[in-house]
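These numbers come from the heavy atoms of this one structure, side chains and all, not from hydrogens, waters or symmetry mates. Start at 1 and go down the list; that is how both ligands and their atoms are numbered. Keep in mind the model is a prediction, meaning the values are calculated, not measured.
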Amino acid sequence: MQRTMKEMRNGGDSSVDVEGKSGFGGGLEDVYGEDRVTEDQLVTPWTVSVASGNTLLRDPRHNKGLAFTEKERDAHYLRGLLPPAVLSQELQEKKIIHNLRQYKVPLHRYMAMMDLQERNERLFYKLLIDNVEELLPVVYTPTVGEACQKYGSIFRRPQGLYISLKEKGKILEVMKNWPEKSVQVIVVTDGERILGLGDLGSQGMGIPVGKLSLYTALGGVRPSACLPITIDVGTNNEQLLKDEFYTGLRHKRATGQEYTELLDEFMCAVKQNYGEKILVQFEDFANHNAFELLSRYRSTHLVFNDDIQGTASVVLGGIIAALKLVGGTLADHTFLFLGAGEAGTGIAELVALEVSKQTKAPLEHTRKKIWLVDSKGLIVSSRRESLQHFKKPWAHDHEPVKGLLDAVKAIKPTVLIGSSGVGKTFTKEVVEAMASFNEKPLILALSNPTSQSECTAEEAYTWSKGRAIFASGSPFDTVEYDRRVFVPGQANNAYIFPGFGLGLIISGAIRVHDDMLLAASEALAAQVTQENFDRGLIYPPFSNIRKISAHIAADVAAMAYRLGLASHLPQPKDLVKYAESCMYTPIYRSYL
Ligand SMILES: NC(=O)C1=CN([C@@H]2O[C@H](COP(=O)(O)OP(=O)(O)OC[C@H]3O[C@@H](n4cnc5c(N)ncnc54)[C@H](OP(=O)(O)O)[C@@H]3O)[C@@H](O)[C@H]2O)C=CC1
Ligand SMILES: CC(=O)C(=O)O
Ligand SMILES: [Mg+2]
């Protein structure tokens, strides 16, 4: 139904003249009952369909704040609703970054960024893209971890879609409540393993929201195509269950059939609502569900587990690049992991796969140079019977070894990878041992957030006497040691998933294949320049991430075509250019 502008401004009812009528307490008449209505009275919430005037200013997707031009102010009933000054997007950006820098507490910066995202989406993304190295630690790890821990008390406006056990049997209906119809990527969590912080239940929503912000900022996927979802089956976090501000279901986690049925209904609804090619990224599920979900849905849906597969791809990319610094081929190296869960075994398997492809040796053989330590010690064959299925391939013949230090001394790895979620586990003795038999030990402390990092950059460089090649999951500042400046890299799946997802979307891929992960690793490694290597880096700087993502997307898409998994035909000639041309840019549009 077409409405006049006056109707829209008056809330749609042309018979109501709001102006001039006095009401309660000396103000205007409470025409819509907003002041008097109680929760028991029924009121229909509704909104106008054409954004103009105040509605336009309150619509984050279209709001430009003071950047609305004089003509736009006239055309869209904005006169008087804004102060007279007209500010360019660049000037707005300058003001916001200045304001952000005044906040000394990282969580306050996070909240200011979330407010901006809810107020002016394009300005939020422009700011994030133009200041990516500065703002990534704010909207992503480490600050997003603290935000999730405190989500209940900082919660203002809901972001993303909540699907809880209460919605069982009507998930498709719930999904239809989401306002966007052309969704291409869903990031979903059930909140059970949020970074290295454990079970945060429904408060895990910060993670899909943060990851999808990166899909847009780093990978150029349109914000309207991104849907963050949290599945709430309860929480086993006693503190949250007692917290009066907790936002989720207040009972223990559902497991077994109840859990499986809910997830199954969810996965069916996703396809019914958004079609065959919707990408579902599983994020921060506990490992007892993560492997199972991936294997259940990988042959029926376009699914990707970021913690298992994205992490594997980013770490393999870093190791391939690091060979330029440490020497040898991938097959020459020996790997030891602290942590044998999603990240640890995911990386281990992809490294073994790449070595197998390079050397033509069978996978069972290439796994032999990869060792993992879990909370019970080195994974060895005598433990095989009691091991979870994803650890079994790594149970090699060796006498039992309890702690990490003894494992390092026994295995003598050239590459040490932390994926335990437990901070401070790469002790001085461990790093010194690595440096005692490696000229350039490669040390990756992947656990997030910073508090859970296996060691700091400073510790890695100092304890190895400046010889370690180091990267970590959460960022560390540069370190000065022995009058040299060391720049630690960030080994984080944020390098991979935005470009990887873009590659799947632009090729119309219908399934994810391991060869696509290998293609992404190689594309990432190829982006490391000699200048980066000269500074000891094994990852390119995040400031180039859009270009990096375009290259990753192009190579992932090329692999999708090669494997016959692409449905977007014909294949574009120049996939890098095509990927770039598909990327969302957040500059303001003209509304004239
Ligand atoms: N940098 C990045 O891009 C990424 C980083 N991560 C980080 O990696 C960490 C682990 O994630 P994920 O693999 O999914 O978690 P999981 O829970 O799947 O695995 C954790 C593993 O660590 C082991 N572990 C726990 N405590 C100790 C200990 N004290 N000593 C030795 N081993 C221990 C566990 O042993 P057991 O099996 O015996 O319980 C388990 O094998 C998290 O901090 C996460 O933030 C994850 C994904 C990406
Ligand atoms: C980075 C990431 O995905 C994690 O720490 O879980
Ligand atoms: Mg994760």
Determine whether the aromatic ring centres of residues Phe282 and Phe285 are separated by less than 6.0 angstrom. yes
If you measure from atom 43 (O) of ligand 1 to every heavy atom of Gly421, Ala471, Ala290, which option wins on shortest distance? Gly421
Could you verify whether a donor N or O on one side chain and an acceptor N or O on the other, from Ser356 and Thr366, lie under 3.5 Å apart? no
Consider only side-chain N and O atoms of Glu192 and His288, and report whether a donor and an acceptor are under 3.5 Å apart. yes
Measure the OG-CG distance between Ser213 and Leu135 for me, rounded to the nearest 0.5 Å. 11.5 Å
Region of Gln490 that comes within reach of ligand 2 [heavy atoms, distance under 4.0 Å]: neither
Under 4.0 Å from ligand 2, counting heavy atoms only, is it the side chain of Asp307, its backbone, both or neither? side chain
For atom 1 (N) of ligand 1, grab the closest protein heavy atom and report residue, atom and distance to one decimal in Å. Ala491 O, 2.9 Å
If the cut-off is 4.0 Å to any non-hydrogen atom of Glu283, which atoms of ligand 2 fall inside it? 3 (O)
To which protein heavy atom is atom 48 (C) of ligand 1 closest, and what is the distance rounded to 0.1 Å? Thr311 OG1, 3.0 Å
Below 4.0 Å from ligand 1: does a non-hydrogen atom of Gln452 turn up there or not? no
Ignoring hydrogens and angles, state whether a donor on the side chain of Asp199 or Thr235 is under 3.5 Å from an acceptor on the partner side chain. yes
for atom 10 (C) of ligand 1, nearest protein heavy atom and its distance come out as Ser419 O, 3.5 Å
Considering the options Leu517, Leu330, Thr311, which one meets the side-chain contact (heavy atoms from CB on, under 4.5 Å) requirement together with Leu316? Leu330
Counting heavy atoms only, which of Ala494, Ser420, Ser474 is nearest atom 25 (C) of ligand 1? Ser420
Tell me, please: is Tyr140 in heavy-atom contact with ligand 2, that is, under 4.0 Å? yes
Decide whether the shortest distance between a heavy atom of Val314 and an atom of ligand 1 is less than 4.0 Å. no
Please write down residue, atom name and distance for the protein heavy atom closest to atom 5 (C) of ligand 1. Leu446 O, 3.2 Å
Using ring centroids (six-membered ring only for Trp), state whether Tyr495 and Tyr539 fall under 6.0 Å. yes
Hydrogens and angles aside, do Gln527 and Lys547 bring a side-chain donor and acceptor to less than 3.5 Å of each other? yes
Can you see which heavy atom on Ile186 is nearest to which on Ile229, and at what distance? CG2-CD1, 3.8 Å
Which of the atoms of ligand 1 are close to Gly196, meaning less than 4.0 Å from one of its heavy atoms? 42 (C), 43 (O), 45 (O)
Identity and separation of the nearest protein heavy atom to atom 23 (C) of ligand 1: Gly339 CA, 3.8 Å
min-distance protein heavy atom vs atom 3 (O) of ligand 1 -> Asn493 N, 2.9 Å
Could you identify the single nearest non-hydrogen protein atom to atom 29 (N) of ligand 1 and state the distance to 0.1 Å? Val422 CG2, 4.0 Å
Which heavy atom of the protein is the closest neighbour of atom 5 (O) of ligand 2, given with residue, atom name and distance? Asn448 ND2, 2.8 Å
For ligand 1, which atoms sit closer than 4.0 Å to a heavy atom of Ser375? 31 (C), 32 (N), 33 (C), 35 (O), 36 (P), 38 (O), 39 (O)
Would you kindly specify which portion of Thr311 sits under 4.0 Å from ligand 2, judged on non-hydrogen atoms: side chain, backbone, both or neither? neither
For the Mg ion (ligand 3), count the protein N, O or S atoms found under 2.8 Å away. 3
For this output row, return yes or no: ring centroids of Phe390 and Phe291 closer than 6.0 angstrom. yes
Considering distance alone, does some N or O of Lys211 sit under 3.5 Å from an N or O of ligand 2? yes
Any atoms of ligand 1 less than 4.0 Å from a non-hydrogen atom of Asp307? List them with their elements. 47 (C)
Ala340 heavy atoms within 4.0 Å reach ligand 1 at atoms 21 (C), 40 (C), 41 (O)
Do Phe426 and Ile443 touch side chain to side chain, with heavy atoms closer than 4.5 Å? yes
Which residues satisfy the side-chain contact (heavy atoms from CB on, under 4.5 Å) test with Gln149, sequence neighbours excluded? Glu146, Leu197, Leu200
Could you tell me, atom by atom, which parts of ligand 2 come under 4.0 Å of a heavy atom of Arg193? 6 (O)
Under 3.5 Å between any N/O of Ala343 and any N/O of ligand 1: does that happen in this structure? yes
With a 6.0 Å cut-off (strictly less than), is the heavy-atom count around CD of Glu432, excluding the residue itself, greater than 12? yes
Just by distance, with hydrogens left out, do Tyr140 and Asn492 show a side-chain donor and acceptor under 3.5 Å apart? yes
Yes or no: does Lys391 have any heavy atom under 4.0 Å from an atom of ligand 1? yes
Ring pair (Phe, Tyr, Trp, His ring centres under 6.0 Å) assessment of Phe304 paired with Phe497: CA-CA 9 Å; Phe304 164 69; Phe497 68 78; 7.7 Å; no
Does a side chain donor of either Thr141 or Ser474 reach within less than 3.5 Å of an acceptor in the other side chain? yes
For Ser447 and Glu454, which I'm curious about, is there any donor-acceptor pair between the side chains at under 3.5 Å? yes
Numbered atoms of ligand 2 (with element) below 4.0 Å of Asn492, judged on heavy atoms: 1 (C)
Within a distance under 4.0 Å of any heavy atom of Gly473, pick out the atoms of ligand 1 and give their elements. 1 (N)
All heavy atoms of Pro441 vs all of Ala435, minimum pair found to be CG-CA, 4.0 Å
If only side-chain N and O atoms count, and only distance matters, is there a donor-acceptor pair under 3.5 Å linking Asn493 with Lys211? yes
For ligand 2, is there an atom lying under 4.0 Å from some heavy atom of Leu195? yes
Heteroatom proximity flag, Asn287 to ligand 1, N/O under 3.5 Å: yes
Compare every heavy atom of Leu372 with every heavy atom of Ala348, then report the nearest pair and how far apart it is. CB-CD1, 4.3 Å
So for Asn493 against ligand 2, with non-hydrogen atoms under 4.0 Å, the contacting part is side chain
Pi-cation contact, Phe437 with Lys412 (under 6.0 Å, within 45°): yes
For atom 14 (O) of ligand 1, grab the closest protein heavy atom and report residue, atom and distance to one decimal in Å. Arg193 NH2, 2.8 Å
